[in-house]
Amino acid sequence: MPELPEVETTRRRIEPLLLGQRISALRHDSAKYLATDEARGRTIGAVSRRGKYLLLRLDAPKTLPLELILHLGMTGHFRLEPTPHTRLVIELEGAPALYFHDPRRFGKVVVVRQGDYALFPTLRHMGPEPLSDDFDQSEFVWRASQAGAVKPWLLSQKPVAGLGNIYVDEALWLTRLHPQQTRLNADEARKLHGAIREVLSQAVARGGSSLGSGVGNYRQHDGTQGGYTAEHHVYGKAGQLCGRCATPIVRTVVAQRGTHLCPECQVLRVNEVQSI
DNA sequence: AATTTCTCCTGTATGC
DNA sequence: TGCATACAGGAGAAAT
């Protein structure tokens, strides 16, 4: 599932194909892809990322920039050739077209005025980028002390941007926190802050994770797969032994998501009851 | 208001 | 062998 490391890897790989190119057309087959006609004739001035969203700045002389917002969803990735699951074609005047392939159709593409995220509440309320200086430890510690169950809290994108099911499970294992732990103490939150940065930076360095061989398999336009899958400690490891204590890893469901944890290392701590 | 549940979508795996 | 069903999950809406 494309999370921050996969989206960042995609951004880096498609940037040289798109930057400075002029769009001749955005062809698509879905009513979900809004205002794409407005991109015609514009030049791609920046290829950036916010959380799990790709953002292309679309420039034109004497007008304010537009922005193409693209979310890879569950199965979206780019190809250099059309497929039966091509949902969007980015046609360029002076370069080969890029094909957005998305079998499960969870991806989204919208062209908006730059910074107008009214259609994307998750983007509008998104927390700091985890690998930037904006990810302030003391603020994270404070917010974590007030939060409900830590896994759904992290998945909301509000405390920090870009985490999904894989990297939440990995960061919680590293921190020895149970996914349903509430109201983290300062020590737990500081460790989690560090673990999030550690897991995501390592995953970016290895080009993200690629799971399975089926429809959800994530790859780059040139077929490159992520190398971080081999570094997973819990995700997809049910029944295998914990790397720290050799207890078998367990798969459960938390917040409607498959959740992987070590039942020995990650024990739910009962919060102290405030006396009246 | 915050948290939980439901929905979208389709290829693959499982079960009878 | 073949058909039916369950499953994967990010994000937004709906429900509680």
Side-chain angles (χ1 to χ4, degrees), chain A residues 1-11 28-34 49-55 69-77 79 83-88 100-110 112 116-127 130 142-172 179-184 196 200 203 208-219 226 229 232 234-239 250-261 271:
Chain A
M1 312 63 256
E3 306 178 25
L4 186 149
E6 291 76 29
V7 180
E8 176 59 21
T9 302
T10 298
R11 190 198 68 75
H28 60 87
D29 63 352
S30 170
K32 289 201 308 189
Y33 295 173
L34 300 177
R49 177 192 57 74
R50 184 78 173 93
K52 303 172 195 172
Y53 291 83
L54 284 169
L55 305 171
I69 301 172
L70 192 151
H71 197 291
L72 299 174
M74 290 281 300
T75 58
H77 56 252
R79 300 281 182 96
T83 73
H85 299 305
T86 295
R87 309 303 178 199
L88 177 79
F100 180 55
H101 165 94
D102 182 24
R104 279 186 214 168
R105 300 174 183 265
F106 273 35
K108 289 174 191 161
V109 177
V110 172
V112 300
D116 179 5
Y117 300 149
L119 290 170
F120 292 86
T122 301
L123 193 49
R124 194 166 69 243
H125 301 298
M126 186 162 288
W142 163 246
R143 295 185 64 174
S145 73
Q146 310 288 39
V150 62
K151 176 163 180 172
W153 180 64
L154 293 173
L155 288 174
S156 76
Q157 309 299 301
K158 288 173 184 169
V160 59
L163 288 170
N165 212 34
I166 296 172
Y167 298 106
V168 164
D169 282 5
E170 293 296 323
L172 292 176
Q180 291 182 301
Q181 186 64 57
T182 60
R183 302 178 76 95
L184 307 192
I196 289 167
L200 292 179
S209 302
S210 291
L211 294 172
S213 54
V215 66
N217 184 270
Y218 157 84
R219 67 187 67 187
T229 321
H232 290 182
V234 285
Y235 193 88
K237 299 288 182 184
V250 167
R251 182 186 182 280
T252 62
V253 175
V254 173
Q256 277 68 51
R257 310 268 183 270
T259 297
H260 312 73
L261 62 96
N271 282 305

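For the numbers below, each heavy atom of this structure counts, side chains included, while hydrogens, waters and symmetry mates do not. Values in this document were obtained by computation on a predicted structure and should not be read as measured data. Numbers restart at 1 for each chain; the letters A, B, ... are given by sequence-line order, proteins then strands.
- Regarding contacts with the backbone of C:dG10, a side-chain N or O of A:R257 is found under 4.0 angstrom from either OP1 or OP2.
- Considering only side-chain N and O atoms, A:Q157 lies under 4.0 angstrom from the phosphate OP1 or OP2 of C:dA11.
- Not counting sequence neighbours, the partners of A:Y33 by the ring-ring contact (aromatic ring centres under 6.0 Å, His included) test are A:H28.
- For C:dG9, one of the phosphate oxygens OP1 or OP2 lies less than 4.0 angstrom from a side-chain nitrogen or oxygen of A:Y235.
- Contact annotation: A:H85 side-chain N/O to B:dG11 OP1/OP2 distance is under 4.0 Å.
- Using the six-membered ring where Trp is involved, A:H260 and A:Y235 have ring planes that are tilted, between 30° and 60° apart.
- For A:R105, a side-chain nitrogen or oxygen approaches OP1 or OP2 of B:dT10 to under 4.0 Å.
- In terms of phosphate contacts, A:K108 brings no side-chain nitrogen or oxygen within less than 4.0 Å of OP1 or OP2 of C:dA11.
- The nucleotide whose nearest atom lies closest to any side-chain atom of A:R251 is, among B:dG11, C:dA11, C:dC7, C:dC7.
- In this structure, the nucleotide among C:dG10, C:dG9, C:dA13 sitting nearest to the side chain of A:E3 is C:dG10.
- Rounded to a whole Å, the NE2 atom of A:H71 is 15 Å from the P atom of C:dG9.
- The salt bridge (Lys or Arg N to Asp or Glu O under 4.0 Å) test applied to A:R49 returns A:E8, A:E129, not counting sequence neighbours.
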